[in-house]
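All heavy atoms count here, side chains included; hydrogens, waters and symmetry mates do not. To find a chain, count down the sequence lines: A is the first, B the second, and so on, and within it residues start at 1.
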Amino acid sequence: MTDLVRRILVTSALPYANGHIHLGHLVEYIQTDIFVRFQKLRGHQALYLCADDTHGTAIMIRARAEGRGERELIAAMREAHLADFGGFQIDFDHYGSTDSEANRTHCGEIWQSLRNRGLVTTRDVQQLYDTTAGVFLADRFVRGTCPRCQTADQYGDSCEQCGAAYTPADLVDPVSTLSGTRPEVRSAEHLFVTLEQMHGFLNDWTQRSGALDPRIANYLAGHFLGEPLRDWDISRPAPYFGFEIPDAPGHYWYVWFDAPIGYLAATSEWCAAHGDSFDAWWRRDGAAPTAEIHHFIGKDITYFHTLFWPAMLEAAGLALPKRVHVHGFLTVNGQKMSKSRGTFLLARTYLDHLDPGMLRYYYAAKLSGGIDDLDLNLEEFAAKGNADLVGKVVNLASRTARWLEQTGLAAQYPDDGGLFATAAADGAAIAEAYEACDFARAMRTIMQAADRANAYVDAEQPWKLAKAGPESAAKLQEVASVSLNLFRQIAVYLAPVLPVFAVQAGELVGGPITSWNESQRPLTGQPVGTFRSLMRRIEPAQIEALLADSLKLSGTPPTHPTPSSQPGTKGTTSMEQHAAPSDSGEPLAAEPLAPECTIDDFTKIDLRVARVVAAEEVPEAKKLLRLTISLGGDATRTVFAGIKGFHTPESLVGRLVVVVANLAPRQMKFGLSEGMVAAASGAGATGVYLLSPDSGALPGMRLH
RNA sequence: GGCAGCGUAGCUCAGUUGGUUAGAGCACCGGCUUCAUAAGCCGGGUGUCGCCGGUUCAAGUCCGGCCGCUGCUACCA
């Protein structure tokens, strides 16, 4: 089959050491792992490399908050990450860390290349300096009074009250959160990469190299490459958890500089451990690179991997990616993962309740290599795993292995009507789909083989042969041998997706699966082990337990067993639901109750009756109406309310509404909004319903 | 509003360079089977392929214009 042994270096994006792995992360790691396992099964030399992304301000702040050093924090998170990945059978060839000596070395080399090519420039940036702590202060480390609305205790970059944006130097009475002293304005030098000098190269690489999906290339052309590329600020002054820049003491490489270089460092570390050569993977010798480089990333970090990173590699004379595989985000039951809905699913929580193979298969069945978001519909997840893996695939072995325990496989492969040969021929198409990361297509083709195999068993009725007695024994052995061979063939095809299942299938019959080629020849005469459960069905209770645990972890009590809340489709309108005699549970299910609050919490919010005295369209606004409301007497407020399209200005004037009267003013594009009008709304834009007090209520009355 | 993407059976989707009566899985209904983890097999679809127009011998597939939805962004206080 395959002609040459390819050398394929594959990476997933480095997970940040500031949080745990969740099912969204796993879309990427499972996808990458399947790709790598497939390549290895085909006989290619593939390396799956990854690392923890450990540097940056967030880590530093978190470590301080936890009262421990950064390295202690990242070591603990590394353990947790590795345990999660292991649980999902993600098989890295090497898992490094951006906080390694190898990475420091590679950062230095790339840096020197940028210097040599004249791509580094410096520019002064005005920053506040803490004379007591002796450090420049990032925006987050400064608080002070807003220069615009005079609100105290605001961060250095923007005001939470009026929304004004400014620099820390603009703050009135600034205070350093590190020392509590008043910082002074100093000018600090930052280092920049003048990306514009690489513009021609980036145009060419993004549009013509074939490394990118056309949609991604188009996005880059439209958003960035159509105008001069801005300089990239790649240094941060101390305090910063990271690597100090060797020729610029006091400056540290920004985390997004050293993170992708972690791919190089991981390669070096793996090579050191295996006696291989880094240069053979990354160095460009003449026109033809010796290895293929594949990056798998989420669409949120496209910019870094398709502009900065190739520019860095190009400047350093290193090999460019053959392909950057960009995938979408994970949604759960059609919506973003949500802690309050209990659908923020951590890897660990999943593993407490369900089989990782089921998720690997589900993702495989939904991934087609595009950048579309992937929806984890929990009902479909259970149905698909149960029907395909348990009902079709495992069932093949489960229903026939027992008849071969004594005799083993038939000595000669029987006439199966061409079933094995057909599925063997399908191998080329399945491999092609794997290669293109269209795993969904591969799974469909494999399941068709399973369908044909089950139909065969049904037609041959081996259970009748078993009852018929000794004269049917040979025929029984033949039928069961066909069935088990088809089963093993499918196990080979599924091995990249379900490695544990593949091992167990091999234990049952035929030994370890080591090569894709094993799908091409039936086995004969081999012993058959005792069938034992290979994969268990997903029970609804397990999914409920998963969701309940996820809710607990987010600190929200489970309000009720989560029904399968299909997002409302166009069939029923809100109006119809109003008329229904019994109310649907859908709105509550769509937005479960918030965590319990105390009466003190509630009294912080001053809700008042108010009268709309004026209402007008804001022509340029899509959702907003400008309301003038009266709290009685001459106390009036201007409020922008997002109710355009649901209410006309004329219908509002004169009516009573409920407002949040002590809400901090908010600067909006069309003016300052001085409160919020209370309204009910469901998930999605199903409607907005203003609250009205009973008649007799007067403006200014408070809600108790 | 800007940018991008998507609109095919109740649901999730497949439809390769335009080419026979538009498909799969799930769900649902009927029948069969009982070896198997309440698994399996057979049968059952009058779908305006979002709408309108265009190109073509031929369009779900290409082009244009609308409508709707989603994501990012913006004004969701």
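One can place CD1 of A/I490 at 13 Å from P of B/G40, the figure rounded to the nearest angstrom. Taking atom CG of residue A/D438 and atom P of nucleotide B/C13, one finds them 14 Å apart after rounding to whole Å. One atom, CG of A/L419, and another, C1' of B/C41, lie 14 Å apart when rounded to the nearest Å. Atom pair A/L220:CG and B/A4:P shows a separation of 13 Å (rounding to whole Å applied). In this structure, A/D388 places its CG atom 10 Å from P of B/A27, rounding to the nearest Å. Whole-Å rounding puts the A/K299 NZ to B/U70 P distance at 14 Å. The separation between A/D375 atom CG and B/C13 atom C1' is 12 Å, rounded to whole Å. As a whole-Å value, the separation of A/R444 CZ from B/A14 P is 7 Å.
Between A/D458 and A/R399 there is a salt bridge, since at least one side-chain N of the basic residue sits less than 4.0 Å from a carboxylate O of the acidic one. Remark: A/R441 does not engage A/E432 in a salt bridge, criterion side-chain N to carboxylate O under 4.0 Å.
Comparing B/G60 with B/C6, their C1' atoms sit 14 Å apart, to the nearest whole Å. The separation of B/A14 from B/G50, taken at their P atoms, amounts to 14 Å, rounded to a whole angstrom. When the P atom is compared between B/C66 and B/C42, the two are found 49 Å apart, to the nearest whole Å. Spacing between B/C67 and B/A27 at atom C1', rounded to whole Å, works out to 30 Å. Taking the P atom of each, B/C13 and B/G7 are spaced 10 Å apart, rounded to whole Å. For B/U48 and B/G23, the P atoms lie 15 Å apart once the distance is rounded to whole Å. Annotation: B/G54 and B/A9 have their P atoms spaced 26 Å apart (nearest Å). The gap from the C1' atom of B/U12 to that of B/C28 amounts to 16 Å, rounded to the nearest Å.
Under 3.5 Å, the side chains of A/D416 and A/Y456 contain no donor-acceptor pair of N or O atoms.
Here CD of A/E28 is found 12.5 Å from CG of A/L330. Values are rounded to the nearest 0.5 Å.
The aromatic ring centroids of A/W232 and A/F308 lie less than 6.0 Å from each other. Ring centroids of A/F296 and A/H327 are separated by 6.0 Å or more, keeping the two rings apart. For an aromatic pair to be called close, the ring centres must be under 6.0 Å apart, and A/Y434 with A/F439 satisfies this.
Of all the heavy atoms in A/R360 and A/I34, the pair that sits closest is NH2-CG1, 4.0 Å.
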Reading nucleotides 30-39 of chain B from the 5' end, what letters show protein touch, with B for base, S for backbone sugar-phosphate only, - for no heavy atom under 4.0 Å?
-> ---SSBBB-S
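Between A/W256 and A/F304, the ring-plane angle classifies as parallel under the 30° and 60° cut-offs.
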Structure string for RNA chain B in dot-bracket form, Watson-Crick and G-U at under 3.5 Å, | interchain = (((((((..((((.....[...)))).(((((.......))))).....(((((..]....))))))))))))....
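Residue order along RNA chain B, read from the 5' end via each residue's closest nucleotide, puts A/A383 first among A/A383 and A/V639.
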Apply side-chain contact (heavy atoms from CB on, under 4.5 Å) to the pair A/E380 and A/Y362, showing each step before the final yes or no.
-> CA-CA 9 Å; A/E380 186 195 23; A/Y362 183 78; 2.7 Å; yes
